[in-house]
Q: 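Here it is, the structure in full.
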Amino acid sequence: MQNLLHNLNPEQLAAVTLPPQSALILAGAGSGKTRVLTTRIAWLIQTGQVSPAGIMAVTFTNKAAKEMTTRLSAMLPVSTRGMWIGTFHGLCNRFLRTHYRDCALPQTFQILDSQDQLSMIKRLLKANNVDDEKYPAKNLMYFINNAKDQGLRANRVEAHDPIERKMVELYDLYDNQCQREGVVDFAELLLRAYELLQRNQPLREHYQARFKHILVDEFQDTNDLQYNLLKLLAGQGQQVAGALFAVGDDDQSIYAFRGANVGNMSAFEREFRVENLIKLEQNYRSHGHILDSANHLIANNSKRLGKNLRTDAGHGEPVRIYEASSDLEEAQWIIEEAKSLMLEGALRSEIAILYRSNAQSRVIEHALFAAGLPYTVYGGQRYFQRAEVKHAIAYLQLMDNPHNDSAFLRVVNFPTRGIGMRSIEALQAAAGQYGISLYAAVPYVAGKSGSSLNSFVKLVEGARFETGQLALPEMVRVVLEASGLLQHYQNEKEGADRIENLEQMVNAATQFVQEEGFGQGAPAYLGPKTYASVGEMLVEGDGVEIIDADTPLNVVMSPLSAFLSHASLEAGDAQAQAGQDALQLMTVHSAKGLEFDAVFITGLEEGLFPHESSSREMDGVDEERRLMYVAITRARKRLYMSFTQSRMLHGQTRYNMKSRFFDELPEEALKWISPRVQSHWFGNKKSSWDDAKFTGGSDNKIAQQIAQKAASNGPGWRIGESVAHAKFGEGVIVNIEGGGSNARAQINFGKAGMKVLDLSVAKLDRVGR
DNA sequence: GACTTCACTCTTTTT
DNA sequence: GAGTGAAGTC
């Protein structure tokens with residue numbers, strides 16, 4: 001045990017060895033919070049205070065859960081089996097699978113991902129003749145998820161106006177439809193679990209008694225429903241209360257947009273009468289200048305629990321800041337800097353390029369590709385989200401639960417088999433009339449379309465019959481063939497990648513079966529029906545069935561059901577080119593929890609970072625600032641920031657001002673390395689930018705256009721230039737009209753808005769540094 | 001019914 | 001720019 005606790009600093013040690021009471025650990029970035037969390041679990045078990053089955057550890061991402069499990073197995077001689085370690089969604093899924101009857105779900109219920117949820121809502125709107133202009137599907141989806149995240153069913157949502165009343169009505173219809181189809185969305189997983197525990201006392205008491213220690217990672221990201229679920233599980237206010245050990249950092253709360261409520265931290269402190277509050281402020285990750293920047297920036301947020309990171313590492317290198325002329329040039333600069341880092345010996349995988357939104361990766365990817373540098377993009381199009389993979393999954397879903405209409409519609413005519421709009425409409429009418437699924441409605445459709453539908457049903461059932469005894473990977477292989485998907489893509493010109501992805505699915509299934517402990521040859525369908533005979537079922541209280549704590553996944557789920565859950569819940573990290581040493585590209589959001597020797601934060605422009613939509617939301621800019629804080633604190637040794645004068649976004653060029661966050665960084669930690677070039681588009685003055693970059697492609701045209709426009713206005717002002725106005729403050733020239741003494745400039749003054757000023761009259765200053 | 005083309009919108013982050 | 005949905009053509 002000495003081993004376990006050595007090398008912990010006093011605060012970490014105190015946190016790890018706290019008595020079994022509720023505790024709140026304020027853990028700054030890079031302060032070793034995962035270490036504290038896992039060491040505490042190990043310590044609790046090694047000191048005999050709790051058995052593995054008494055532990056529940058909740059995270060938000062699958063990555064974090066996996067990491068925790070790995071670290072624990074390294075620390076503990078005992079197996080991590082029996083502990084409940086996972087994401088909120090993963091654990092709730094497991095819980096609902098175990099108690100599917102008690103929460104009125106079919107044993108093979110399936111999970112809708114956001115895509116499926118949206119398409120389902122669209123269908124619902126259509127079926128009910130709702131004007132989708134007035135009630136956009138996305139809004140309704142947001143409305144529903146929001147309600148669920150707060151733990152509210154339709155009958156408990158307050159409607160303030162007719163629009164909301166209608167939305168509530170649709171919410172109810174939506175829930176009914178889900179129930180008919182035997183599908184649940186993400187939020188529903190949590191809400192069902194919560195309601196079941198709420199309603200079912202013996203069950204609740206069983207779990208309360210079981211989980212002596214509940215540990216929550218990234219507590220600042222919990223939403224109201226998740227917090228309430230934790231309260232219920234911990235048995236807050238009860239005699240047998242479990243200890244809730246919450247680790248979080250209010251400065252890293254970046255998920256308010258999906259219902260996260262930082263207020264849960266102070267609510268927790270208050271409601272659980274937390275006496276043990278420990279701050280971890282010693283940072284082991286970043287050099288001084290980087291940490292100073294982070295501290296300085298985040299100090300601009302008002303509502304904070306208060307925390308300042310310190311480090312023993314020296315100042316290190318200053319933060320380098322670069323102003324590029326365009327997004328292309330920004331990418332070029334990143335590549336040059338990355339190359340020189342690698343010359344100094346940096347590993348490619350230790351260099352991260354971060355951006356605010358996924359759309360920004362395109363330009364950088366392009367440049368990296370052209371430069372021949374290997375890179376990996378995280379997030380974005382994930383494996384299980386790819387169209388061809390979703391198609392294959394849909395066939396599997398239909399075989400496990402034919403009433404999943406989303407799956408049905410996805411593949412009923414893909415590959416095409418002569419079932420068109422009219423057949424589908426007839427089918428939907430029949431299904432609506434009898435209140436049944438599309439699959440179940442097939443017998444009610446007569447005529448020609450009826451017979452093609454029938455053969456589709458036969459296809460699905462034939463596949464099920466054929467694969468009845470096969471193991472999951474073999475089953476997947478058969479389905480890929482039988483569905484005609486493989487053949488379809490073989491005939492397609494650009495189908496090679498897709499076929500590869502489909503074949504990859506067999507591997508994914510093989511790996512999954514192994515990792516989850518399903519027997520190598522276990523039939524894909526078999527599993528749940530056998531659990532009663534395994535003797536793992538206990539009966540308590542009013543005949544409530546409780547499968548014992550240690551029941552592994554393979555007892556409550558068939559390999560197929562489990563695999564389908566996995567596909568929805570894990571989405572598959574963009575198939576990481578394992579082993580490949582590559583540059584890491586990702587959004588700031590997905591960088592959370594990671595660290596790199598060198599980090600580039602790109603696109604630091606007003607409107608992009610902070611994002612323009614943030615100014616509309618309450619405390620939106622504060623959240624953007626926290627996001628920036630997360631980005632900065634990812635870096636160990638080197639930090640780069642960049643912004644550009646012009647950027648191609650959504651098909652048009654935009655001219656943004658540099659991000660306000662630059663003004664919130666400590667000047668002494670920064671080094672501005674952009675060349676100060678006034679008019680690099682004019683031929684006479686050679687800029688230090690490589691003019692070669694304008695020699696080809698569409699950018700060349702844009703550059704010429706801009707140069708022409710600028711030239712016609714004589715020396716002085718050009719588009720993209722930063723200016724200052726006595727009244728309006730700082731701005732960026734977005735456009736210049738006319739010439740000579742008539743020249744007028746359209747200037748984006750950010751806070752003061754867009755203005756058109758007469759250049760011969762307006763008093764403008766150049767903004768230099 | 002299948003397939004192509006065109007016009008249109010919506011562009012933040014994700015379990 | 002991409003993805004969607006509607007309309008047009010075979």
Side-chain angles (χ1 to χ4, degrees), chain A residues 58-65 86-93 111-115 117-119 122 126 132-133 136-139 141-142 145 148-149 184-190 217-218 221-223 225-226 253-260 354-363 366 378-382 384-385 387 413-425 448-449 452 492 565-566 568-574 586-593 603 607-617 620 623-624 626-628 630-631 648-654 698:
Chain A
V58 200
T59 64
F60 276 85
T61 64
N62 297 297
K63 217 192 299 177
T87 62
F88 273 104
H89 295 88
L91 294 179
C92 285
N93 178 43
I111 301 165
L112 288 183
D113 63 19
S114 331
Q115 231 178 82
Q117 189 187 17
L118 186 64
S119 79
K122 282 182 183 164
K126 218 171 211 171
D132 56 0
E133 302 252 307
K138 280 208 173 128
N139 285 9
M141 175 157 125
Y142 179 77
N145 289 341
K148 289 192 181 188
D149 283 345
V184 298
D185 58 50
F186 285 136
E188 182 74 20
L189 282 170
L190 308 197
D217 193 13
E218 310 276 17
D221 288 337
T222 52
N223 63 33
L225 179 57
Q226 288 159 342
S253 156
I254 55 173
Y255 286 110
F257 71 91
R258 65 175 196 213
L354 310 183
Y355 33 79
R356 175 66 236 269
S357 61
N358 277 312
Q360 287 165 253
S361 75
R362 158 182 306 283
V363 176
H366 235 83
Y378 287 84
Q381 183 67 289
R382 291 163 187 240
F384 284 110
Q385 313 245 42
N413 196 33
F414 192 93
T416 50
R417 44 176 75 89
I419 300 172
M421 280 244 297
R422 295 181 54 164
S423 309
I424 298 298
E425 274 166 10
K448 191 160 148 262
S449 53
S452 1
E492 212 173 57
S565 298
H566 169 80
S568 309
L569 288 175
E570 269 200 55
D573 280 327
M586 65 192 84
T587 64
V588 181
H589 278 91
S590 45
K592 184 156 159 215
L608 235 135
F609 201 177
H611 197 272
E612 55 198 344
S613 60
S614 69
S615 57
R616 273 178 255 126
E617 281 147 36
E623 174 139 326
E624 295 289 309
R626 290 191 291 268
L627 198 50
M628 180 68 184
V630 168
M648 195 65 160
L649 210 63
H650 308 311
Q652 53 183 343
T653 312
R654 307 190 357 168
S698 56

Q: What is the nucleic acid contact for A:Lys122, judged by heavy atoms within less than 4.0 Å: base, sugar-phosphate only, or nothing?
A: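 The answer is sugar-phosphate, as A:Lys122 gets under 4.0 Å only of primed atoms, P, OP1 or OP2.
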
Q: Quick one: label A:Phe186 by what it contacts on the DNA or RNA (base, sugar-phosphate, nothing), any heavy atom closer than 4.0 Å.
A: base

Q: Have a look at A:His611 and say if it touches a base, only the backbone sugar-phosphate, or nothing, with a 4.0 Å heavy-atom cut-off.
A: sugar-phosphate

Q: Provide, to the nearest angstrom, the distance between the OH atom belonging to A:Tyr378 and the P atom belonging to B:dT14.
A: 14 Å

Q: May I ask you to evaluate whether A:Asn358 reaches the phosphate of B:dT11, defined as a side-chain N or O under 4.0 Å from OP1 or OP2?
A: no

Q: Please check the phosphate of B:dT13 (OP1 and OP2 only) for any side-chain N or O of A:Ser590 closer than 4.0 Å.
A: no

Q: Where the side chain of A:Thr87 is concerned, which of B:dT14, B:dG1, B:dT15 is the nearest nucleotide?
A: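 Out of B:dT14, B:dG1, B:dT15, the nucleotide with an atom closest to A:Thr87's side chain is B:dT15.
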
Q: Between A:Asp221 and A:Arg258, does any side-chain N to carboxylate O distance fall below 4.0 Å?
A: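 Looking at A:Asp221 and A:Arg258, the cut-off is not met.
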
Q: Base, sugar-phosphate, or nothing for A:Ile419, non-hydrogen atoms under 4.0 angstrom?
A: sugar-phosphate

Q: Which residue, A:Gly420 or A:Ser357, contacts DNA chain B at a nucleotide closer to its 5' end, judged by nearest heavy atom?
A: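 It is A:Gly420 whose nearest nucleotide is closer to the 5' end.
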
Q: Can you tell which of C:dA2, B:dT14, B:dA2 lies closest to the side chain of A:His589?
A: B:dT14

Q: Can you list everything that forms a side chain to side chain contact (heavy atoms under 4.5 Å, CB included) with A:Thr61? Sequence neighbours excluded, please.
A: A:Lys63, A:Ala64

Q: For residues A:Phe60 and A:His89, establish whether the separation of their ring centroids is below 6.0 Å.
A: no

Q: Contact class for A:Asn413 (heavy atom, under 4.0 Å): base, sugar-phosphate, or nothing?
A: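 Since only primed, P, OP1 and OP2 atoms lie under 4.0 Å of A:Asn413, the category is sugar-phosphate.
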
Q: Kindly write out the residues that satisfy salt bridge (charged side-chain N to carboxylate O under 4.0 Å, His left out) with A:Arg654, not counting sequence neighbours, or none if the list is empty.
A: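 Result, salt bridge (charged side-chain N to carboxylate O under 4.0 Å, His left out) vs A:Arg654: A:Glu612.
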
Q: Can you check the distance between B:dT13 and C:dT4, where both ends of the measurement are the P atom (answer in whole Å)?
A: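 Straight-line distance between the two P atoms is 16 Å.
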
